[in-house]
Amino acid sequence: MVKDLSVGLCGLTLKNPVIPASGTFGFGLELAKDMDLNVLGGISLKGTTREARYGNPTPRIAECPGGMINSVGLQNPGINVLVNEKVPALRKVYDGCIIANISGFSLDEYRECCAKADVCEGIDIIEVNISCPNVHNGGMAFGTSAESAAEVTRTVRAVCRKPVFIKLSPNVTDIVSIARACEDAGADGVTLVNTFLGMRIDIHRRQPVIANKMGGFSGQAIFPIALRMVYQVAHACRIPVMGCGGVASAADVIEMMMAGATAVQVGAENLRNPFACPEIAAALPDLMEELNINTLQEIIGTV
Amino acid sequence: MVKDLSVGLCGLTLKNPVIPASGTFGFGLELAKDMDLNVLGGISLKGTTREARYGNPTPRIAECPGGMINSVGLQNPGINVLVNEKVPALRKVYDGCIIANISGFSLDEYRECCAKADVCEGIDIIEVNISCPNVHNGGMAFGTSAESAAEVTRTVRAVCRKPVFIKLSPNVTDIVSIARACEDAGADGVTLVNTFLGMRIDIHRRQPVIANKMGGFSGQAIFPIALRMVYQVAHACRIPVMGCGGVASAADVIEMMMAGATAVQVGAENLRNPFACPEIAAALPDLMEELNINTLQEIIGTV
Amino acid sequence: MIKSRYHISENVLIAPKTYQLVLAGEADVEGEFVDIALPGFYLRRPLSVCDREDGKLTVVYRVVGEGTKALSEMTEGTELEVLTGLGNGFDPEACREEALLVGGGLGVPPLYLLAKELKARGKKVTAVLGFNKAEEIILADAFKAVCDEVLISTVDGSVGVKGFVTDAIAAAHPAFDYFYTCGPMIMMKVVCAALEGPGEASLEERMGCGAGFCYGCSIQTKNGPRRVCKDGPVFKKEELLW
Amino acid sequence: MIKSRYHISENVLIAPKTYQLVLAGEADVEGEFVDIALPGFYLRRPLSVCDREDGKLTVVYRVVGEGTKALSEMTEGTELEVLTGLGNGFDPEACREEALLVGGGLGVPPLYLLAKELKARGKKVTAVLGFNKAEEIILADAFKAVCDEVLISTVDGSVGVKGFVTDAIAAAHPAFDYFYTCGPMIMMKVVCAALEGPGEASLEERMGCGAGFCYGCSIQTKNGPRRVCKDGPVFKKEELLW
Ligand SMILES: Cc1cc2nc3c(=O)[nH]c(=O)nc-3n(C[C@H](O)[C@H](O)[C@H](O)COP(=O)(O)OP(=O)(O)OC[C@H]3O[C@@H](n4cnc5c(N)ncnc54)[C@H](O)[C@@H]3O)c2cc1C
Ligand SMILES: Cc1cc2nc3c(=O)[nH]c(=O)nc-3n(C[C@H](O)[C@H](O)[C@H](O)COP(=O)(O)OP(=O)(O)OC[C@H]3O[C@@H](n4cnc5c(N)ncnc54)[C@H](O)[C@@H]3O)c2cc1C
Ligand SMILES: Cc1cc2nc3c(=O)[nH]c(=O)nc-3n(C[C@H](O)[C@H](O)[C@H](O)COP(=O)(O)O)c2cc1C
Ligand SMILES: Cc1cc2nc3c(=O)[nH]c(=O)nc-3n(C[C@H](O)[C@H](O)[C@H](O)COP(=O)(O)O)c2cc1C
Ligand code: FES
Ligand code: FES
């Protein structure tokens, strides 16, 4: 029997729920020669700020059991290059859902960047990262209280006609109250989760592995925590959830969807296997057959 | 060269920093026939409440990549059995540091249990668990705000002459503010961290794996987050920290200590390898040699 | 409890998705089950001992998930770290003269070692082994070589009595003064209810440590909470609350 | 970039803690380095290609941590999943007539393939290879078989010029119109400063993806940020800020 992998997300139809997560797939273009991007339901682009940024000093990467820490620090060419060069170039080779991921250090920056993304033709969804733990005085502060999360949401909501997803930080006591605050402030959906603040020490050199001391921890290791947060938020809010955190297989995608995710993002797994997303998308039909699932849409939030 | 593994903790001297974490080593007695307990610096006993508890329904265990979820739910025979039977029996075969781990559902319960532990001869340190995520209206509430954490600390401090460690939950936005509140309220030290709230779904049965839906996630997977919290708290507070979370090797012990831990607890690793703690303690001298460390005390918080 | 390394000396398919694994290593060790560390999996996998001699342990397992799948792909010579000496098994001394063994599916293998122990003590042993269908039948010849009588039931009637083990028992009315059962929970519950007289059943529960100190596998019994891994997995019928 | 499976056809100790690994699989593939997935480790391990022919890839690696230790314990026949076609290597076309290759320690192996490529283009090739001491010398004979001249320096003076590669260069004054260097960062920095004229150096950085899309390995250059894995690892001397 032919399997229906498509899911509906804020009026858009994704051909499947598999989306490389922001920062782990560049601007898509970097991988266009290596795979057929069109097997992907969506692509969340590298986090973008108003000005171009080099990011943090290296080492920016630390290996951990079952995961990794990154402290890329939002290296990006700035919003103008995104909307004028990157997105148009990607749109030429990719027909799926393009998600712009926007970061900012002030409400003004969020407003300006989102407004530019909103009028950029190729962009389908605007994902607002209020959670990146790498930048001092940056995203972290916005994402860790319900009030400031709502403030960012209201600010960008006012300048966008496209669907706005707020991407939340898991480094919080009560993820549900923050998601609810975003929903009440007009978010069309939430993406959860971003990375956990983590650290490793090189015991030979007696120094942190990461030049910036700490960074964002993610990968398979965080899956059970991310899944729990997706479950909690999906059962407490009415807006759709993009699940993210530790997804590494088609089974993980199904598990996230049963917990309540409408679409599922794959992050660090792309770094250890650049073909992770196409492989996961390709593995879904057989797994659906094994699990007696005909259309993915029907399993969303069934647990 | 002979290595000095001992560490000083609130006036006590531990022969080494390796301590099985509460709930992952029973009351010590369960393993007394299988190993020489006296190679362990300390033993943190199973979490104890005023009344005997059966705990949560089964399944209570779910496997995860690099870790596991437990929802034992504080099964224990009650404080009277602890102080009258378990501790005296353990004291007969064990000469190291005995840590009583106390949980409670009310300030009264914490006060009563800690007071009993304080007058129990065999107990050296009282560890107050304000973080167990398994019990509704239970530990979680106390451990997730600085105010209530301080309240528990003051309550038990008033009835104890022995060193009191408050064991914190990592499911919080700002671990430092909570640790500081405990310090200000008179804690002699903090243990961090307890488990993360996590969840797994059995995609075949379309049900949570754990009968109670969610449970406490721990094991190697959480090490980078636990290490970061130990680092932050050790650098912000003056009281000693017992580091805990994902420790699985002698190298992890050293890394935790460089981050600021005075002693190091090993939790879930005991479940996959009952001999983990003696093996780690035995591996320390060679690793110290490789790293040019003569006394463990000297590396505490050197990063 | 002992932690030691074994190597695979045999790992063969004996029925659909069902493998017989022979581990060679440490000389005869006690224990009802072993707990096997599988590379890449966080927790060990508990498997009941089916047979034990000359420093070899036999277990029979079914592929149900990723862990048993990985195990089934391991070849001869592969080394595995195994905890042995776990669990309290069936008590062959509890039977006076005539024993009834009731096994269902993957509950059949652990009864094999018991059958040998009972025969060594001179008891009369009847085994009732239930399966879904002919192709899933395992160890029938091994039991026949040891027991005084072996009754088979299959749900689809392809071999032996059509139906469940209880149907086979009702039809044959074997004499016994003590019974031993291992299989799906629902089967054991029905068996314990249907059979008069004393007996014992071997339970299964998700485990953490497998060795009695994490309290992950506790069940409520008439005598209070008990750990399946340490106080069991075999419990007396009178103790069980189901 | 290609992901494929190779098997180990050789994995031998050639100097203290230093192994030569030959991987057999996919026919000749491009790329300056390969990225090897090691079971039980989250990230791949990048290793430079030292030689490549007949569907075989040779890399030389030193055991520095857990990953390379695990690799060193793998036996012939073991399968490994490898990403190939990664990185921009040295440019043999940049040299007009006479090339100087300057390698230090584990930076020596990647220059071997370059030496062969330069010779194939008819260039004169001088190699200066620096090591700490005699026992750590690797590939000297291989270079001698290919290059016009090979100079060795050792820090302890046990073989060749006592001191660093720059001491050997200062003593011999080899003629060259372009240089290529690979080795410890500090060595390459000194070489680039000491040698007049154009050249290129192969950098190292902790990597995430190894394939240009995670921006984990970025460095600042005179031309803005560059990814070591994709824009490099070889960069022109003029570009580098050190
Ligand atoms: C005391 C005891 C004896 C057993 N003896 C046998 C035997 O002889 N033959 C046999 O085929 N099976 C036996 N089992 C069941 C066997 O342990 C599981 O089938 C096996 O662990 C499944 O692993 P998996 O990775 O394939 O499945 P997964 O579902 O991927 O495993 C995930 C987790 O759940 C646990 N789990 C899954 N199913 C069970 C189960 N039924 N019981 C306990 N834990 C489970 C696993 O151990 C693992 O921790 C026994 C179980 C117990 C408790
Ligand atoms: C482009 C490139 C080419 C390389 N070529 C070679 C080679 O030909 N021969 C050789 O011996 N080594 C080479 N290296 C270094 C080699 O990758 C590391 O020594 C190796 O990854 C260490 O792994 P480990 O698990 O033993 O060490 P660990 O310290 O346990 O590794 C932990 C993490 O740090 C990373 N890491 C550690 N050291 C380095 C390093 N020096 N550079 C980059 N990442 C590191 C590891 O990849 C891993 O992600 C190269 C590195 C790069 C970037
Ligand atoms: C190298 C790297 C870079 C990232 N950059 C961004 C970013 O720019 N914006 C963002 O919202 N999230 C960023 N993230 C977070 C991921 O999108 C994702 O939320 C997180 O890694 C959890 O998913 P995972 O466990 O699958 O990696 C980054 C993650 C990694 C590993
Ligand atoms: C099975 C199990 C039971 C636990 N019971 C308790 C408990 O009773 N009291 C407590 O403070 N912590 C308890 N914990 C938490 C551990 O002591 C430890 O803080 C946590 O597991 C993190 O360490 P780890 O990653 O090494 O497991 C338990 C953990 C496990 C795995
Ligand atoms: S599994 Fe740990 S007590 Fe039974
Ligand atoms: S390592 Fe990912 S861009 Fe270089």
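Everything quoted here is computed from the prediction, not taken from an experiment. Chain letters run A, B, ... following the sequence lines, proteins first and then strands; every chain starts at 1.
- Heavy-atom pairs under 4.5 Å with chain A peak, among B:I293, B:L287, B:D202, at B:I293.
- Of residues 224-232 of chain A, those residues with a non-hydrogen atom less than 4.5 Å from any non-hydrogen atom of chain B are, in numerical order, A:P224, A:I225, A:L227, A:R228, A:Y231, A:Q232.
- Neither the backbone nor the side chain of A:A62 comes within less than 4.5 Å of any heavy atom of chain B.
- Between A:F196 atom CZ and B:F196 atom CZ the span is 6.5 Å, to the nearest 0.5 Å.
- Contact annotation for A:I69: only side-chain heavy atoms (C-beta onward) come within less than 4.5 Å of a heavy atom of chain B.
- A 4.5 Å side-chain heavy-atom check between A:H204 and B:N292 finds every atom pair outside the cut-off.
- Legend: residues meeting salt bridge (Lys or Arg N to Asp or Glu O under 4.0 Å) with B:E289, ordered by chain and number and at least two apart, are B:K3.
- Of all non-hydrogen atoms in A:M258 and B:I203, the two that sit nearest each other are CE-O, 3.5 Å.
- With 3.5 Å as the limit, one finds a donor-acceptor pair spanning the side chains of A:T173 and B:T173.
- Of the residues considered (A:P65, A:G219, A:G198), A:G198 shows the highest number of contacts with chain B, using heavy-atom pairs under 4.5 Å.
- Using non-hydrogen atoms only and a strict 4.5 Å limit, the part of residues 295-303 of chain B facing chain A consists of B:I299, B:V303.
- A distance-only check finds a donor-acceptor pair linking the side chain of B:E255 to the backbone of A:I201 [under 3.5 Å].
- Contact of A:P208 with chain B is made through backbone and side chain together, with heavy-atom distances under 4.5 Å.
- Residues of residues 265-272 of chain A lying under 4.5 angstrom from chain B, judged on non-hydrogen atoms, do not exist here.
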